[in-house]
Chemist: 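Got a structure here, written out as C-alpha cells. Questions coming.
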2 protein chains.
Amino acid sequence: MTTTSMKDVARAAGVSVGTVSNVLNRPEAVAEDTRSRVLAAIAELGYVRNDSARQLRAGRSRTVAVVVLDVANPFFTDVVRGAEPLIESAGGVVTVCDSGEDVRRERRHLEILEEQRVLGLLITPVDDTSSSWIERLSGHDIPLVLVDRGAGRHPHCSVAVDDVHGGRLAADHLAERGHTRIAFVGGPASIPQVADRLAGCREVCEERGLDLEVFHTAGLNFAAGREAVEQMLDLPQRPTAVFCANDLVALGALQGLTMHGVKVPHECAIIGYDDIDFAAAAAVPLSSIRQPRAQLGRTAAQLLFDEIGEGRGHTHRNVVFQPELVARASTALDL
Amino acid sequence: MTTTSMKDVARAAGVSVGTVSNVLNRPEAVAEDTRSRVLAAIAELGYVRNDSARQLRAGRSRTVAVVVLDVANPFFTDVVRGAEPLIESAGGVVTVCDSGEDVRRERRHLEILEEQRVLGLLITPVDDTSSSWIERLSGHDIPLVLVDRGAGRHPHCSVAVDDVHGGRLAADHLAERGHTRIAFVGGPASIPQVADRLAGCREVCEERGLDLEVFHTAGLNFAAGREAVEQMLDLPQRPTAVFCANDLVALGALQGLTMHGVKVPHECAIIGYDDIDFAAAAAVPLSSIRQPRAQLGRTAAQLLFDEIGEGRGHTHRNVVFQPELVARASTALDL
DNA sequence: ATCCCTTCATGAATCGATTCAAAACCGTCG
DNA sequence: CGACGGTTTTGAATCGATTCATGAAGGGAT
C-alpha cells in the first residue's frame, strides 16, 4: 500500500497520532506551532483521512440515503434537490439510490445501506411488501422518513401528498370539461401512489356516473404511456380523456396519440400528474396535478434530523400536503 | 450500542469469530452443521455486517462513484443506467454524485470520495480546473475514467463523443436549411462540451460565411434557454435559427419563443443536443444531435474494470464515439 | 497401535482513526 | 526549592471484520 496513514503523518511531524487526530478534529486544543507542523506534514505527504476507520470508531456514517422510485423522473430529482441543502449543512453526505420501482433492487439497496450504517434514510417505498424491510431498518435504530407516502399505522415520520384528492382533482376537471368516458393509465397497481390516484379518480367517476377504463402499465415511464394508448386506440368505444398516473406516462401517451394522428385535446384530452418542468413545454402543454416537490424533500430532511436529534423520545410526525390542479392546453375545451 | 457484532454471533453459535467470518465469506470451507448453526445465530440475532470494518481491513470500498454535471438531465441518467449493470454484476455499488456544474461542489464530492477510498470513479469534469483534483485522485491510486470528455494529454482512460463534429453537424444542418443568421445558446463557456460544440459551429459558420451570435448562459438548463431567447428577441437583427448546447436549453428556448408568439420553425428554427427522450415529445418535436448515451456509460464502466483488473501495467484507452443528426420538425423547411 | 493426511476450527494480529486518563511541561508563587 | 494550576501531548484501548499460521480431530492404511 502506498496509502499514508495518521501514523506516517505523526512520524513526519514528530508528534503522536493522538495529536494528529486532534489537529484534524479539535484544532483549538493544539498549540499553534505544533498544529502548523502537523498541517505541513499532512500537505507534504498528501495524507487523506480514511473514512472507514472513522466510521468504524464512530459507529455511524455521515451518509443520508434517499431511495427513490426512478431517478430519471424529474419529480424525484426535484425532491432530492429540496432535501440536499439541509442535509449538507448538517454535515451529511447525500447518496441517491434508485429502486427502479423494483422491490428486489430496493431490497438490495436497503441491505447495503444497513451494512453501511447510514445516518438516516428518506425513502419512497416501492409497495407494501417493502414495509417488512423498512421495519427491520427502523428496528436497528436507523431513523427514516417516508417520502411521498403516508405512514399509515406504521411508526414513522412521513411527508406525503394527498393522492386520493389529487386523483379527484384530475377526474373532476375532466368531468367539468364534459368528458364521460375516461381512461386511467398507470401501474403497477402495487405502487401506492398509483392506487391512490386511481382510487380518487374512481370515486369521482362513480359519483358522477362516468365510464372508467383502467390500463395498467408495467412502469411509470415514457414507453408505458405510448404503449397504453396503442391498446386504447383499438377499443370500439374510445375514451375521450386520459388521466395518467404521472407526467412521464402522460408525455408518452401524448406522443403515442400524436403519432396515430389523434388530435389532443380535440379528439382526446390528457391530464398528467406531478407537473414536472417538461409538462409545460410539451407538444401540447400538459395539464397536470402539481405537488410541492422541493418542499417534500426539504420537509423530509427536516423531520429526519428532528428524529436524529431527539433520539429515543421522539414523536413521529406525519405531514400531508395538498396537490393542486394546473390546467393547460391538453385539456382545453377548444383551441 | 444495541448493534450485534460477529463476536455476539460467535458466542451464540459456540464458535470463534474466525469461523463466523468464514461462514460469510467462504461457506464451502465450513462444515455443514457448523455453518447452519452460525446462520441460525445470525438470523436469531438479526446480525448485519459492518461495512466500515470490512472496508478498513480491505483498504478499499466496493463503491464506484459516478460524478455527473446534472442528475436532472436525462442524458446523464441514461449514462448512469448504461454503466450500472456492469458495475453491479462485478459486485460493485453505484453512487451518483451531482456536481451541478459547480467546481466547488465537484471538489467537495471528490474529497469525500477519496476519504471513502472508492473502488473507482467515472467522472464528467466540470471544467479544466477540475483536472488538478483529478490528477490527485489518480495519483492516490484511484482508477478513473473520464466520461463524455477526451483525456487530452492526461493519462486516463476516457469515453467521449466528438463534440466539435457534433457542433458542425448542427451548423451544417441549419445552413442547409437556408439559415444565415445563427444563434448559439449555452454555457458556461468553461464547460468543455459547450466550448467544443460552439467551436464546431463556429468553424462551419466561418467556412460558409454565416452570422453567428453567441449567448452564454449560466447553466445548461430549462430556465437558461428561456432567458436567453428573451435577450435574443430584443436584437435588431434577430437570428433565424438557434443551436442550443443541450436539449434542456433547447426546450427552454422553445418554450420562450412560443410564449412570445414566435412560431417554430417558421420564424425561428431550433436544434438541440443529446436527443433525450423528451426532445421527440416536445411542443415542436426537436431536432437534435444524438449521442450514444447508454453506450457511453457501459463503455466507461468496462474501461474502469479493465483498469482495475490490469493494475499498474495498464495502458489507457480513449474511446471516441461519433454523434449523429436527428432532424425533426423544429428545423423543418415548412409544415 | 502408529503415522500420515485431510478437513475444520481457532485466536491473535491487523487495518486506521478516535478517545481519554495520565503524564509531561511551563511558568509562578509561597 | 517545591508545590500548584493550566496547557499540551502522549499512548494504549477500542471499534468490528478478515486473514492466516497453528493446532485439533477424524479416518485410513500399514
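Quick note on labels: first sequence line is chain A, next is B, and so on, each numbered from 1. Only heavy atoms go into these numbers, but all of them, side chains included; no hydrogens, no water, no symmetry mates.
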Chemist: Are B:Gln193 and B:Asp148 linked by a side-chain donor-acceptor pair shorter than 3.5 Å?
Modeler: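 Side chains of B:Gln193 and B:Asp148: pair found under 3.5 Å.
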Chemist: Identify, between B:Arg117 and B:Ala31, the residue whose nearest nucleotide on DNA chain C lies closer to the 5' end.
Modeler: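 Counting from the 5' end, the first nearest nucleotide belongs to B:Ala31.
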Chemist: Classify A:Ser16 by what it touches in the nucleic acid, base, sugar-phosphate, or nothing, heavy-atom distance under 4.0 Å.
Modeler: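 Base: the residue A:Ser16, judged by heavy atoms under 4.0 Å, touches a nucleobase.
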Chemist: Which comes earlier along DNA chain C counting from the 5' end, the contact point of B:Ala53 or that of B:Gly18, where each point is its nearest nucleotide?
Modeler: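 Mapping each residue to its closest nucleotide by heavy atoms, the 5'-most match is B:Gly18.
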Chemist: Want to settle it: does B:Val17 or A:Gly14 sit nearer the 5' end of DNA chain D, counting the closest nucleotide to each?
Modeler: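 It is A:Gly14 whose nearest nucleotide is closer to the 5' end.
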Chemist: Say you draw a straight line from NE2 of B:His140 to CZ of B:Arg136; how long is it, rounded to the nearest 0.5 Å?
Modeler: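 Taking NE2 in B:His140 and CZ in B:Arg136, the distance rounds to 4.5 Å.
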Chemist: Whole-Å distance between C:dA9 P and B:Glu32 CD?
Modeler: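 Whole-Å distance recorded here is 11 Å.
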Chemist: Whether the A:Glu106 and A:Ser99 side chains hold a donor-acceptor pair (N or O, under 3.5 Å, no angle test) is what I'd like checked.
Modeler: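 No, no side-chain donor-acceptor pair sits under 3.5 Å.
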Chemist: Taking the side chain of B:Asn50 as its heavy atoms from C-beta onward, which of C:dT10, C:dG16, D:dA17 lies nearest to it?
Modeler: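 So the nucleotide nearest the side chain must be D:dA17.
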Chemist: A:Arg49 has a side chain; which of C:dA12, C:dT18, C:dT14 sits nearest to it?
Modeler: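 Closest of the options to the side chain of A:Arg49: C:dT18.
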Chemist: Is there a side-chain polar atom (N or O) of B:Arg54 under 4.0 Å from OP1 or OP2 of D:dT18?
Modeler: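 Yes, such a contact exists.
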Chemist: What I want to check is whether the side chains of A:Thr95 and B:Thr95 have a donor and an acceptor closer together than 3.5 Å.
Modeler: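 Yes.
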Chemist: Counting only heavy atoms and a strict 4.0 angstrom limit, can you tell me which residues of residues 19-29 of chain A come near DNA chain C?
Modeler: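 Correct list: A:Ser21, A:Asn25.
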Chemist: Think A:Thr34 has a side-chain N or O under 4.0 angstrom from the OP1 or OP2 of D:dT9?
Modeler: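 Yes, such a contact exists.
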